[in-house]
Amino acid sequence: MQAKGKVGFLKQLKHSLERPLLRQDLMAGVTYLLPSAVVLLAFVILPVVMALVLSFSKWELLSVEGRKFIGLGNYTYLITNKEFWNTIKNTIYFGAVKIPADIVLSLLVAMLLNGSIRGLSFYRTIYFLPVITSTVAVSAVWRYMYDPNFGFANVVLKWMGVGPQTWLYDPKLAMISVILVALWKGLGYDIIIYLAGLQSIPRMYYEAASIDGANAWQKFWKITWPLLSPVTYFIFVMSIINSFKVFSQIHVLTPKGGPLKSTEVMVLYIYRTAFQEFRFGRAAAAAFILFAIVMAITQFQRRVIEPRVHY
Amino acid sequence: MIGLSARNRVTRLLRHLVLIAAGVVMTVPFIWMVSTAFKGDGEIYIYPPTWVPAEIHLENFSRAWNYVPFGRFYMNSIFIAVTVTVCQVFTAALAGYVFARVRFPGRDAIFYMYVATLIVPTQVTMLPLFLIMNELKWIDTYQAMIVPFLASAFIAFFLRQFFSTIPLELEDAAKIDGCGRTRFIWRILLPLSRPALASIGLFTFLGHWNSYIWPLIITNTTKMRTLPIGLRYFVEESGAQYNLMMAAAMITVAPVVALFFVAQRQFIESIARTGLKS
């Protein structure tokens, strides 16, 4: 029984050290935890504390001033800064388009794949191919396909009767182009997960519904969707967290943040501020704002959305 | 009766059509990658682009390979990913065992510390880590890409969950037979956990293989770059030399794709399993 409170802890410690069996447990526990605990403390916990301190300081390698404490200065700069708000907007835009599209499309394909169908493993392999290939490599391929003069994307547009676009160079289209790549890359994973979810729904529910005269639409909304809600919730939560962390494909597709900075997402801003402008204090503060936003969203999901998930 | 089976056939046909269309969308970029990789320097600028190259230019691959040291990038990536994976799984297995089986005062507090490391995003820690590496004079070294990642709370929790499914009686029986903790872990627990270790190992390896922002930040010189970063610089350098760029992309992608086709089921299942478990 672990008692609470510091006095309790010291007493327990003493207690454990005195009894050989408990002492063995204590020694074993500490020894086996030591390797990972030390690494995590030194390379995760310590940096977080450092980042916090940094975020309250002004430290810019390229300026003549040294480091100094400025309290909330970085934070007030950022929340009143148009460029930073642009990155927040871009990040949210990315998620707001990608995530619903992802969920709808992957569920659709998973439903089509469900049930005895020939070639299931063939389709599964094909859909998973984008998932396992290197993000940099596929982003390079898409960069080529988006080339306004030589790429395939404009050929497709011509087939559809639409004029050629400049894609990654067009402020209105750049982000959509990026989202398309992210969607293409991640769909296979969500399809597999939805498929697993679908396959775990007992067929007799559908059979019972058929007997009661339900049509396909009703079967979906009353059986499939609710029973899949844990899977959807999982995909939703993971997608939101990942959408705030997106970096590598944007860095390959539009390294400078795109035309009129339309694809500069928060991580790209942090990277630029820290490693190109060398404004360490501001970058640390931006990272913490990112952290805070992700936490807020996660908490919101856990309190508001999760209770409505059927388990 | 006839109407019903005809309707079934039509639905089935439609299903396949949509699935095939989706499959085409998924594979078209790869087709372009392969097609362009073999084209000559002039042919890539023909518009509309040709599906099949007029002549096969195998030398594109050696040109790309020599333009930047892909061999070295591969070695770096393999060395780092393997080392990190092995160390992470090993240290996390020890930690997972303690969290699942060993009680002592203060253990729960340490547990929460591990949880905390999972909540913090890497975007917060990457800058201070960089500064730490700078202090240690580890910028642009292998240590910088390995040491900070020797442990993983995620794997520790994953294995903790797995270890708690192993019956306590097994360990008690071992103890009665005079088997110490260490030997129990090494001789009994770990071999029993092989499927879980393999799953999480593969998952971790893939994640680290594709690791991007940290190697980007920490490497300066070409010879230290990992595959994603090396390829990215190649992409920037080669500008519109799309045939070489696609050849380089192929070089990067081919081994993983080959491995994938050979071990599909394990791949997909292990990724789905670890994904769902979290």
Handout entry: Sub-4.5 Å side-chain heavy-atom contact between A:Tyr123 and B:His16
Key = yes
Handout entry: Note, A:Val136 side chain near B:Thr252 side chain (heavy atom, < 4.5 Å)
Key = no
Practice task
Please state whether the rings of A:His251 and B:Tyr212 are parallel, tilted or perpendicular, taking 30° and 60° as the class boundaries.
Solution key: perpendicular
Exercise for the section: Compute the ring centroids of B:Trp138 and A:Phe43, then answer whether they are less than 6.0 Å apart. Expected result: no
Practice task
May I ask you to test the B:Val124-A:Leu290 pair for a side-chain heavy-atom distance under 4.5 Å?
Solution key: no
Problem - Option that, when pairs with chain B are counted at under 4.5 Å, heavy atom only, ranks first among A:Thr125, A:Leu187, A:Asn149 - result: A:Thr125
Practice task
Mind checking the CG-OG1 spacing from A:Leu40 to B:Thr91? Nearest 0.5 Å is all I need.
Solution key: 7.5 Å
Problem - B:Phe30 and A:Thr133, any side-chain heavy atoms less than 4.5 Å apart - result: yes
Handout entry: Close side-chain approach of B:Phe104 to A:Leu33, heavy-atom, < 4.5 Å
Key = yes
Practice task
Step through it carefully: locate the ring centre of A:Phe275, locate the ring centre of B:Phe130, and say whether they are under 6.0 Å apart.
Solution key: yes
Problem - B:Phe99 side chain near A:Tyr32 side chain, heavy-atom distance below 4.5 Å - result: no
Practice task
Hey, can you tell me if A:Tyr144 and B:Trp32 have their rings parallel, tilted or perpendicular (30° and 60° cut-offs)?
Solution key: perpendicular
Fill in the blank from the handout: Sorted by chain and number, sequence neighbours left out, side-chain hydrogen bond (donor to acceptor under 3.5 Å, both in side chains) with A:Tyr269 holds for none
Fill in the blank from the handout: Closest heavy-atom pair, A:Leu112 versus B:Leu19, reported as atoms and distance to 0.1 Å, is CB-CD2, 3.8 Å
Handout entry: Ring centers of A:Phe150, B:Tyr47 separated by less than 6.0 Å
Key = no
Handout entry: Interatomic distance, A:Leu129 atom CG to B:Met26 atom CE [nearest 0.5 angstrom]
Key = 10.0 Å
Practice task
For side-chain contact (heavy atoms from CB on, under 4.5 Å), just list the numbers for B:Ile132 and A:Met50, CA-CA rounded to whole Å, side-chain angles, deciding distance to a tenth of an Å, and then say yes or no.
Solution key: CA-CA 10 Å; B:Ile132 294 177; A:Met50 279 177 68; 3.8 Å; yes
